Q: 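Here it is, the structure in full.
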Amino acid sequence: MLDINLIRTQPELVRLALNNRCESTTSLDGILALDVQRREILKQSEVLRGTRNTVSKEIGKMKDPAQRDAKIAEMRGVGDQITAIEVDLKRVEDQLDALTMALPNIPDERTPVGPTEDFNVVLRTEGEPRDPGFPAKPHWELGPALGLIDFERGVKLSGTRFYVLYDLGARLQRALIAWMLDVHTQQGYREAYLPFMVKQQTLFAAGQLPKFKDNLYHDAEEDFWMVPTAEVPLTNLHGGEILTAEQLPLHYCAYTPCFRREKMKAGSDVRGIKRGHQFDKVEMYKFCTPETSDAELEQMREDAEAICKGLGLTYRIKLLCTSDIGFNARITYDIEVWAPGCQEWLEVSSVSNCGDFQARRANVKYRPQAGAKVEFVHTLNGSGLALPRTMIAIMENYQQADGSIVVPEVLRGFVGTDVIRPRV
RNA sequence: GGAAAGGUGGCCGAGUGGUUUAAGGCGACGGUCUUGAAAACCGUUGUGGGUCUAUGGCUCACCGUGAGUUCGAAUCUCACCCUUUCCGCCA
């Protein structure tokens with residue numbers, strides 16, 4: 001959420017940000033008008049409440065019954081006025097909140113301005129996109145051939161875009177999760193095991209609601225929503241708390257499954273395990289002071305890159321443009337790994353600095369010094385990494401001419417073998 | 001799922017309709033005293049909104065959450081949430 005004070009004093013800054021994001025600016029004038037209304041009505045109700053407070057106190061001390069009854073009658077009228085005014089106030093505040101909650105974050109100055117994803121900037125590529133020296137097979141052929149992936153039975157159980165992993169396929173994913181968490185723990189992130197279902201309020205605070213309601217799964221009877229990313233519970237971990245400066249920065253990592261109601265175009269990304277309604281992810285998350293968030297972002301990007309490097313994958317770093325960054329983000333790096341089988345760069349990580357946008361919604365603050373005024377913290381999130389696409393890259397990059405897959409060295413202890421061969 | 005007891009500031013804890021402007025204590029911070037420290041004593045010590053003559057003043061709200069009763073609610077009523085203990089069930 002943006003600071004109402006910022007919207008009030010620098011509306012043109014907000015308007016520019018919305019234009020750069022290719023978002024409508026029509027709500028802005030409504031917000032400004034409602035803000036004025038809110039303060040006018042609030043003042044009226046406060047004056048009346050003040051009167052009632054003093055007079056009620058006097059009534060308590062009055063001895064003369066006639067005088068007392070007169071004052072009570074008078075205050076009954078004041079009470080009715082307050083009730084009427086505050087109905088108005090609530091209506092205005094509800095409208096104002098609804099509009100303000102729907103405004104996205106203001107992009108950082110370094111975020112390239114552009115109306116389409118073509119304005120994303122590839123900053124650098126690590127390694128060469130390489131072919132194995134024979135026609136590389138896509139993972140949707142390699143996986144079933146090795147008995148690692150079963151698309152048919154996934155569909156039987158749950159419908160399109162679900163699959164089952166077996167044997168070393170399932171084990172490779174488990175190995176990656178364990179190894180990634182180990183790496184991040186050594187990088188200084190505290191491992192957390194989180195609820196996979198959260199209440200509605202938690203999604204509002206993380207910025208997923210109200211805007212992305214259509215992409216979320218939830219229980220019809222109870223207030224349980226499936227997490228679309230670990231970022232959601234992690235953002236709220238310190239919700240409503242006032243942290244001390246010494247506690248910061250806080251670094252967390254967590255494995256969770258992610259559930260997303262993807263509204264996909266028919267025929268797009270249909271093959272393989274690239275995009276599903278359920279996938280696994282290891283996430284990094286930071287709470288820090290405004291002074292350090294820029295540096296923390298670069299460090300988090302490097303921490304995500306370390307995973308790609310450790311796995312020996314070719315990857316490139318993209319700086320996303322204003323129309324492509326997420327609702328919560330001020331600046332975002334995407335990391336994409338090369339997959340020679342499907343001949344595609346696959347997004348395996350998105351590393352963002354959200355500034356105080358999420359902290360404001362989740363109400364996470366800190367006190368810079370003892371006695372100083374509290375401020376909002378900055379929050380950052382980054383995948384480290386998304387599992388299915390990492391699996392794709394490993395399978396397709398490490399395939400051999402005989403159809404077997406070499407296990408990246410760092411995973412061999414977890415997988416229990418050097419090479420994944422067809423089951424006999 | 002059933003029963004009972006609870007939820008008050010950073011923490012403990014008093015408070016059953018109006019001197020409560022949330023007592024008292026602990027902790028923290030500042031000061032006095034001291035060569036220094038401790039002790040003692042004095043003072044300060046929440047969050048958010050609004051407003052103004054703006055490092056401060058004034059004001060409104062906040063005692064689990066939300067409604068209600070009342071001139072007036074931490075206090076009374078209702079619903080819900082959570083915690084603890086016991087019973088049942090279960091991995």
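Computed from a prediction, not measured in an experiment: that's the story for all the values here. Just so it is clear: chains get the letters A, B, ... in the order the sequence lines come, proteins before strands, and each one is counted from 1. The analysis underlying the following values was restricted to heavy atoms, covering all of them including side chains, and did not include hydrogens, waters or symmetry mates.
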Q: Tell me the interatomic distance from E86(A), atom CD, to C62(B), atom C1', rounded to whole angstroms.
A: 14 Å

Q: If we call it a pair only when both distances are under 3.5 Å in a Watson-Crick or G-U wobble match, what pairs with A14(B)?
A: none

Q: Listed in order of residue number, which residues of residues 70-85 of chain A have a non-hydrogen atom at under 4.0 Å from RNA chain B?
A: I72(A), M75(A), R76(A)

Q: C29(B) C1' sits how many Å from R367(A) CZ, rounded?
A: 12 Å

Q: What string of B, S and - do you get for nucleotides 48-55 of chain B 5' to 3' if you count protein non-hydrogen atoms under 4.0 Å?
A: SBSS----

Q: Measure CD/Q201(A) against P/G66(B) and give the value in whole Å, please.
A: 12 Å

Q: Is atom CD of E409(A) surrounded by more than 12 heavy atoms (other residues, nucleotides or ligands) closer than 6.0 Å?
A: no

Q: Check this for me: does any side-chain nitrogen of one of E46(A) and K43(A) sit under 4.0 Å from a carboxylate oxygen of the other?
A: no

Q: Name the pairing partner of G6(B), where a pair is Watson-Crick or G-U wobble with both distances under 3.5 Å, or state none.
A: C82(B)

Q: Please confirm whether the ring centroid of Y163(A) lies under 6.0 Å from the ring centroid of Y166(A).
A: no

Q: Tell which nucleotide pairs with G46(B), taking only Watson-Crick or G-U wobble pairs whose two distances are both under 3.5 angstrom.
A: C62(B)

Q: Decide if atom NZ of K309(A) counts as having more than 12 heavy atoms of other residues, nucleotides or ligands within a radius under 6.0 Å.
A: yes

Q: Quick one: pull up NZ in K274(A) and CZ in R161(A) and give me the separation to the nearest 0.5 Å.
A: 10.5 Å

Q: Taking G10(B) as the reference, what is the distance to G17(B) when you measure between their C1' atoms (whole Å, please)?
A: 30 Å

Q: Measure all distances between protein nitrogen or oxygen atoms and nitrogen or oxygen atoms of nucleotides 16-19 of chain B, and list the pairs falling under 3.5 Å.
A:
| from | atom 1 | to | atom 2 | distance (Å) |
| --- | --- | --- | --- | --- |
| G18(B) | O6 | R68(A) | NH2 | 3.2 |
| G18(B) | N2 | S56(A) | O | 2.5 |

Q: For the pair made of CG in L48(A) and C1' in C71(B), what is the distance, rounded to whole Å?
A: 14 Å

Q: Mind checking the C1' distance from A22(B) to G15(B)? Whole angstroms is fine.
A: 8 Å

Q: Does the side chain of E296(A) come under 3.5 Å of the side chain of H251(A) through a donor N or O and an acceptor N or O?
A: yes

Q: Quote, to the nearest angstrom, the C1' distance that separates U20(B) from U35(B).
A: 46 Å

Q: Return the nucleotide paired to C41(B): Watson-Crick means purine N1 to pyrimidine N3 with N6-O4 or O6-N4, wobble means G-U with N1-O2 and O6-N3, both under 3.5 Å.
A: G31(B)

Q: Starting at the 5' end of RNA chain B and moving along, which residue's nearest nucleotide shows up first, K90(A) or S45(A)?
A: S45(A)

Q: To the nearest angstrom, how far is I41(A) atom CD1 from A61(B) atom C1'?
A: 17 Å

Q: I need the CD1-C1' distance between I242(A) and C62(B), as an integer number of Å.
A: 14 Å

Q: In terms of ring plane angle, is the pair F327(A) and F212(A) parallel, tilted or perpendicular, where the classes change at 30° and 60°?
A: perpendicular

Q: In whole angstrom, give me the gap between the C1' atoms of U47(B) and G43(B).
A: 23 Å

Q: How far, in whole Å, is A67(B) from A14(B) if one measures between their C1' atoms?
A: 28 Å

Q: Taking only the P atom of each, what is the distance from U8(B) to G13(B) in whole angstrom?
A: 9 Å

Q: Do the side-chain N or O atoms of R49(A) get closer than 4.0 angstrom to the phosphate oxygens (OP1, OP2) of C60(B)?
A: no

Q: Once you apply the 3.5 Å cut-off to both distances, tell me the Watson-Crick or G-U wobble partner of G36(B), or none.
A: none

Q: Between N53(A) and C60(B), is there a side-chain N or O to OP1/OP2 distance below 4.0 Å?
A: yes

Q: Decide whether D182(A) and Q186(A) meet the rule of one side-chain donor and one side-chain acceptor closer than 3.5 Å.
A: no

Q: Suppose we define a pair by two distances each less than 3.5 Å, Watson-Crick or G-U wobble; what does A22(B) pair with here?
A: none

Q: With a cut-off of 6.0 Å (strictly less than), are more than 12 heavy atoms of other residues, nucleotides or ligands near NZ of K156(A)?
A: no

Q: Would you measure the distance from the C1' atom in C82(B) across to the matching atom in G72(B) and give it in whole Å?
A: 30 Å

Q: Check the distance between U47(B)'s C1' and E241(A)'s CD and give it to me in whole angstrom.
A: 15 Å

Q: Just verifying a value: how many Å separate L319(A) CG and L123(A) CG, rounded to the nearest 0.5 Å?
A: 5.0 Å

Q: When the P atoms of G49(B) and U85(B) are compared, how many Å lie between them, rounded to an integer?
A: 38 Å

Q: Partner lookup for C90(B), please. Criteria are Watson-Crick or G-U wobble with both distances under 3.5 angstrom; report none if nothing qualifies.
A: none

Q: Watson-Crick or G-U wobble partner for G56(B), using a 3.5 Å limit on both distances?
A: C52(B)

Q: Round to the nearest Å and state the distance from D64(A) atom CG to C71(B) atom C1'.
A: 16 Å

Q: Less than 4.0 angstrom from a charged side-chain N to a carboxylate O is my criterion; do K90(A) and E93(A) meet it?
A: no

Q: Under 3.5 Å, is there a donor-acceptor pair linking the side chains of Y189(A) and E283(A)?
A: no

Q: Do you see a donor-acceptor pair shorter than 3.5 Å between the side chains of E305(A) and Y315(A)?
A: yes

Q: Could you check whether the rings of Y255(A) and F196(A) sit parallel, tilted or perpendicular, using 30° and 60° as the cut-offs?
A: perpendicular

